[in-house]
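Below is one structure, written out as structure tokens; comments come after it.
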Amino acid sequence: MGGKLATLKYGIVGIVALAIVYLCAVGIFTTPGSTLYKPEPLPANANEQARAQVIATGVTTALDQELNGLFGWIVNDLCFVPSIIDNQSSYQRGVIYATRPASDMVAKTVARIGERDTIDPRLADATSRYFTYGENVWGFWFIYDCEGKYRAGIRGWQDWAAHVGQGGKNGGIYNIKSDDVYNIIKYCAAMTDFALGLLNDTDMGHFKADNNIYFAKGVAAVAGNVLRALAAVDDQVELRGGSENLAEALKRFDFIEEFDPLYVFAGGNAVGDAMLPNHVAALARHLDVANNRLNDMLASMDK
């Protein structure tokens with residue numbers, strides 16, 4: 001009996017030790033952020049499949065990178081990772097938060113001809129079944145976890161893009177119109193506006209500030225990728241929205257992704273005039289400029 005208790009004790013100690021090592025490894029080797037999607041503008045004679053692949057990648061690349069990163073999707077990990085390594089998990093929560101409406105918007109615009117047409121089943125499943133899964137759901141074998149569902153959603157987008165322009169039941173449709181361009185830019189503006197609202201909480205303390213900053217960065221990463229993809233497949237984004245507006249918005253998305261202070265300070269008080277730096281206000285400035293430029297693009301397209 002004593003031997004069994006000793007084995008159990010050492011087993012528990014070993015599990016705890018492994019958990020601590022894992023937490024330390026995640027904390028040391030992860031940096032909240034991703035490689036931004038920057039496709040080259042497609043030539044005027046590019047086919048629909050090439051354009052669809054750019055759009056599909058723009059919608060899903062930030063999520064795909066988080067799933068395939070060094071430690072994967074940590075929001076649903078055990079060992080208290082989401083609460084302890086909160087910057088990385090907040091960033092990933094922001095990524096999936098923004099991917100859901102991006103998938104919905106693009107599936108309803110670019111991937112069908114008319115508003116009354118049926119949405120491609122692969123994209124409908126990605127939007128309504130897979131990306132809607134709770135970001136902290138953990139499972140194995142026959143118990144579905146969010147990582148498996150998100151990967152299935154990404155595969156649905158890839159499969160749609162690969163079959164655009166082909167006949168048969170698996171064929172996909174790519175059809176982007178002026179209204180679609182407008183609505184996708186409107187999505188990007190809505191995401192930056194939402195992220196900006198997260199940072200405008202005057203009662204935000206240091207411990208909440210870093211969570212909101214990295215959540216906002218995750219949201220902005222997806223919105224920026226979608227905007228770059230849209231600009232690459234349709235030159236009307238730049239021509240109608242204004243080249244200066246587009247360039248400045250994309251520059252600010254770059255700044256947001258690069259923003260990664262060693263330690264996040266919230267400014268020290270609600271006014272923001274304390275001696276400590278105000279990283280929340282610094283990031284909010286970039287989001288505000290990006291949001292204004294996107295809204296200027298929308299106003300220019302309305303004329």
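Index from 1, following the sequence.
- Side-chain contact check for Arg293 versus Glu244: some heavy-atom pair is nearer than 4.5 Å.
- Inter-residue side-chain proximity for Phe131 and Asp125 is flagged as unmet; no heavy-atom pair is nearer than 4.5 Å.
- In summary, Asp254 and Lys38 engage in a salt bridge, as defined by a charged side-chain N under 4.0 Å from a carboxylate O.
- A continuous path of hydrophobic side-chain contacts links Leu287 to Tyr187 [ILVMFWY only; heavy atoms under 4.5 Å].
- Taking 4.5 Å as the limit, some side-chain heavy atom of Glu258 sits within range of a side-chain heavy atom of Phe255.
- With 3.5 Å as the limit, one finds a donor-acceptor pair spanning the side chains of Glu66 and Gln88.
- For the residue pair Tyr91/Ser34, the side-chain donor-acceptor check at 3.5 Å is satisfied.
- Taking the side chain as every heavy atom from C-beta outward, Gln92 and Trp73 approach each other to under 4.5 Å.
- Linking Ile, Leu, Val, Met, Phe, Trp and Tyr whenever their side-chain heavy atoms come within less than 4.5 Å puts Val54 and Leu250 in one cluster.
- Salt bridge absent: Arg51 and Glu48 never bring a charged side-chain N and a carboxylate O closer than 4.0 Å.
- For Asp104 and Arg100, the salt-bridge test fails: no basic side-chain N is under 4.0 Å from an acidic carboxylate O.
- The shortest side-chain heavy-atom distance between Met297 and Arg240 does not fall under the 4.5 Å cut-off.
- Counting only heavy atoms from C-beta outward, the side chains of Ile173 and Asp120 never approach each other to under 4.5 Å.
- Using modelled atom types, one finds a donor on one side chain and an acceptor on the other under 3.5 Å when comparing Tyr214 with Asp260.
- A donor-acceptor contact closer than 3.5 angstrom links the side chains of Asn68 and Arg151.
- Residues Leu230 and Leu36 do not share a hydrophobic cluster, defined by chaining ILVMFWY side chains whose heavy atoms lie under 4.5 Å apart.
- For the pair Lys149 and Tyr130, the cation does not sit on the ring face, since its NZ or CZ is not both under 6.0 Å from the ring centre and inside 45° of the axis.
- Between Asp179 and Lys177 no salt bridge is recorded (no basic side-chain N to carboxylate O distance below 4.0 Å).
- Here the side chains of Lys217 and Leu283 are in contact, with some heavy-atom distance below 4.5 Å.
- Ring geometry for Tyr174 against Trp160 counts as tilted: the plane angle lies between 30° and 60°, on a 0 to 90° scale.
- Counting heavy atoms from C-beta on, the side chains of Thr109 and Ile176 never come closer than 4.5 Å.
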